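Comments concern the structure below.
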Amino acid sequence: MGITEPNNALKLTSGDSITHNRFVVPDWGTLRFNLHVPQLNNGELKVSIKGDAPGYDEYQPIGVIVLSAAENKNSSSQTSYPSDRFRIGFGTTGFETFHIDEIPQDLRGKSATLKFELNGGEVFLDDVFFKSTHLKFGNPAYNGEEARRDPAQQNNYLLEKPQYTVSYDNNSKNPKWVTWQLNRSWLGELTRSGVFKSDETLPIPFSPLVTSEDYKGYPNNLYDRGHMATSEQRNRDKKDMLSTFLMTNALPQYPGNNVSSTAWRNLEEYCYQLALEGKELYITAGGYGTLGTINDKMINVPDYTWKNILVLDHPGLGINDITAANTNVISVITPNRPAPTDFSTPIPHPLNGLLPSSEHRSPITSLAQWRDWQTWTVTTVDLKRLTGLDLLSNLD
């Protein structure tokens, strides 16, 4: 993550290879590992696998990390995101996480062995695991079905990225949810910069992909491409930041629910501050309901946007470390619409239409109250009931 020393990582120099201990490949999940590359040199780290399935008695290549700098091309006419996933960004400063998604299906549930081979330069390798670190506390099942990287699950399709993880819904053209880890190691000094692009890692059945242009003119450019995982929370490196400018990480968000001083933005800034103070957060966000659709691709405009935030006292805590003393959970759901301009007559609380009568709120009496994210807090149980998602399922 954000460390500058190799610590107990394995050092490989050009010509070296290392075999990972034999393991059982899980039924789902990307292969992930951390790399530190002291000096870029255009070398290659090749990843291969063999195991107990026909045709895999010898090592088969599954991925290559190129030891050159990410190009970070990001404009209206071009993107280097697909290839930059396998090039170096933050890895020259500290440890950077890489994912290999192409795990042979025939080896799922079988014993296997990994091999890492370095051709050129020097790297430090650490933390070889399966499944995204962002899913440490659960893969939020929708009505009992977990997201999977399976084109047959077009409305609950799993995209595991080093920077965040998505369940994409091809019916609504929205992320069903986006989840990401946040701690101080992800934060830097870069200012927001990027152009939203289609996510070309989606397979062919998802075509045509949502583009940035699809949000324009419906009506009068009314909706922002609203980040779920925010660029400000991935600002240590240009590659990390640009990864947040993918349309699978965005949904139509009214500016009055997204710009400075809104409840949504104030909550983002609060989370940022918690990370600076040394906390570790696991954030899941998405949309709820519908205000209609935009574009002929029928992109859903959610009626509300929501967040569920697990706040840990410090980085590194696992499931068995969670206690009431070192953990807090924040659940919020905010209207995806402009704030009222006149509070001379108190505004009935919008959440009263979503919550049981026992949880109804008093009217909202001021713009300041509307913009206070604590006005919109609910329980995780409320979010589960509304969204159909089993949030924080590994803590049940």
Side-chain angles (χ1 to χ4, degrees), residues 28-29 131-148 153 155-160 164-169 171-172 174-182 226 228-229 248-249 251 253 257 263-264 267-268 270-271 274 280-291 300-312 317-324 326-336 349-361 373-396:
W28 64 274
K131 302 182 182 178
S132 166
T133 190
H134 309 297
L135 297 177
K136 177 189 284 189
F137 295 99
N139 177 340
Y142 176 66
N143 291 337
E145 178 190 70
E146 288 189 339
R148 291 288 186 269
Q153 283 194 199
N155 297 328
N156 198 7
Y157 186 79
L158 185 65
L159 291 165
E160 294 176 274
Y164 54 91
T165 294
V166 178
S167 166
Y168 186 69
D169 185 338
N171 182 52
S172 67
N174 289 176
K176 195 177 293 293
W177 50 259
V178 180
T179 189
W180 65 103
Q181 177 200 67
L182 178 62
M228 293 294 94
T248 49
N249 181 45
L251 47 73
Q253 200 166 6
N257 185 36
W264 188 260
L267 180 58
E268 289 177 348
Y270 179 70
C271 291
L274 289 177
E280 180 164 88
L281 290 70
Y282 286 81
I283 307 171
T284 306
Y288 170 73
T290 184
L291 292 173
N300 183 59
V301 180
D303 196 8
Y304 291 83
T305 49
W306 58 266
K307 270 195 172 86
N308 187 245
I309 305 161
L310 177 68
V311 183
L312 305 180
L317 293 176
I319 293 170
N320 295 330
D321 302 314
I322 301 297
T323 68
N326 64 21
T327 308
N328 183 31
V329 179
I330 301 169
S331 299
V332 167
I333 184 165
T334 63
N336 190 25
H349 203 300
L351 295 189
N352 289 348
L354 303 179
L355 300 173
S357 58
S358 60
E359 298 180 33
H360 280 190
R361 318 291 175 81
W373 62 262
Q374 295 187 70
T375 298
W376 308 101
T377 56
V378 293
T379 67
T380 300
V381 172
D382 290 325
L383 284 184
K384 288 182 176 182
R385 176 180 54 81
L386 290 168
T387 65
L389 295 171
D390 190 6
L391 302 164
L392 302 175
S393 56
N394 287 353
L395 297 182
D396 291 344

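Predicted, not measured: the structure shown is a model, and the values here were computed from it.
- Using a 4.5 Å heavy-atom threshold, the side chains of Leu251 and Met228 count as touching.
- With no hydrogens or angles considered, no side-chain donor-acceptor pair links Thr165 and Thr179 at under 3.5 Å.
- Atom CZ of Arg148 sits about 6.0 Å away from atom CG of Asn139, to the nearest 0.5 Å.
- The backbone N or O of Gly289 lies less than 3.5 Å from a partner atom in the side chain of Asn300, making a donor-acceptor pair.
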Checklist entry - Taking it one step at a time, do Asn156 and Ser167 satisfy side-chain hydrogen bond (donor to acceptor under 3.5 Å, both in side chains)? => result CA-CA 5 Å; Asn156 198 7; Ser167 166; 2.6 Å; yes

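- Looking at Ser393 and Asp396, their side chains never bring a donor and an acceptor atom within 3.5 Å of each other.
- Atoms CG and NZ, from Asn171 and Lys176 in turn, are 8.0 Å apart once rounded to the nearest 0.5 Å.
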Next on the checklist: Apply side chain to side chain contact (heavy atoms under 4.5 Å, CB included) to residues Thr290 and Asp303 and explain how you reach the verdict.
Outcome noted: CA-CA 5 Å; Thr290 184; Asp303 196 8; 6.0 Å; no

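- No donor-acceptor distance shorter than 3.5 angstrom exists from the side chain of Glu280 to the backbone of Leu312, with no hydrogens or angles considered.
- Taking 4.5 Å as the limit, every side-chain heavy atom of Asp382 sits out of range of all side-chain heavy atoms of Ile333.
- Distance CG/Asn174 to CG/Asn249: 11.5 Å, rounded to 0.5 Å.
- Taking both residues in full, the closest heavy atoms of Ala147 and Tyr157 are given as CB-C, 4.5 Å, listed atom of the first, atom of the second, then distance.
- Side-chain contact check for Thr248 versus Pro175: every heavy-atom pair is 4.5 Å or farther apart.
- Side-chain atoms of Ile330 and Tyr270, non-hydrogen and from C-beta on, do get closer than 4.5 Å to each other.
- Ring-plane geometry between Tyr304 and Tyr288 is classed as tilted, the angle between the planes lying from 30 to 60 degrees on a 0 to 90 degree scale.
- In this structure, CG in Leu389 is found 12.0 Å from OG1 in Thr380, a value given to the nearest 0.5 Å.
- Remark: side-chain polar atoms of His134 are not paired, donor with acceptor, to backbone N or O of Tyr282 under 3.5 angstrom.
- Residues Thr379 and Val329 fail the side-chain proximity criterion, which asks for heavy atoms closer than 4.5 Å.
- Shown here for Thr375 and Leu351, the closest heavy-atom pair between the two residues is O-CD1, 4.4 Å.
- For the atom pair CD1 of Ile283 and CG of Leu274, the computed distance is 9.0 Å after rounding to the nearest 0.5 Å.
- Taking OH from Tyr142 and CD from Gln153, the interatomic distance works out to 12.5 Å, rounded to the nearest 0.5 Å.
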Checklist entry - Please walk me through it: do Leu310 and Leu395 pass side chain to side chain contact (heavy atoms under 4.5 Å, CB included)? => result CA-CA 11 Å; Leu310 177 68; Leu395 297 182; 4.2 Å; yes

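- Using a 4.5 Å cut-off on side-chain heavy atoms (C-beta onward), Pro140 and Leu391 make contact.
- Closest approach of Gln181 to Thr133, counting heavy atoms only: NE2-OG1, 4.0 Å.
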Checklist entry - Could you walk me through whether Lys136 and Leu317 pass the side chain to side chain contact (heavy atoms under 4.5 Å, CB included) check? => result CA-CA 10 Å; Lys136 177 189 284 189; Leu317 293 176; over 6 Å; no

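- Residues Val332 and Thr377 meet the side-chain proximity criterion, which asks for heavy atoms closer than 4.5 Å.
- For the pair Trp264 and Ala285, the tightest heavy-atom approach, listed with the atom from each and the gap, is CH2-CB, 4.4 Å.
- Side-chain atoms of Trp306 and Thr284, non-hydrogen and from C-beta on, do get closer than 4.5 Å to each other.
- If you run side-chain contact (heavy atoms from CB on, under 4.5 Å) between Trp376 and each of Lys307, Arg361, His349, only His349 comes through.
- Among all heavy-atom pairs drawn from Asp390 and Lys384, the shortest one is OD1-NZ, 3.6 Å.
- The two residues Leu291 and Pro302 make their nearest non-hydrogen contact at CD1-O, 3.6 Å.
- For the residue pair Asn257 / Thr305, a side-chain donor-acceptor distance below 3.5 Å is found, with atom types taken as modelled.
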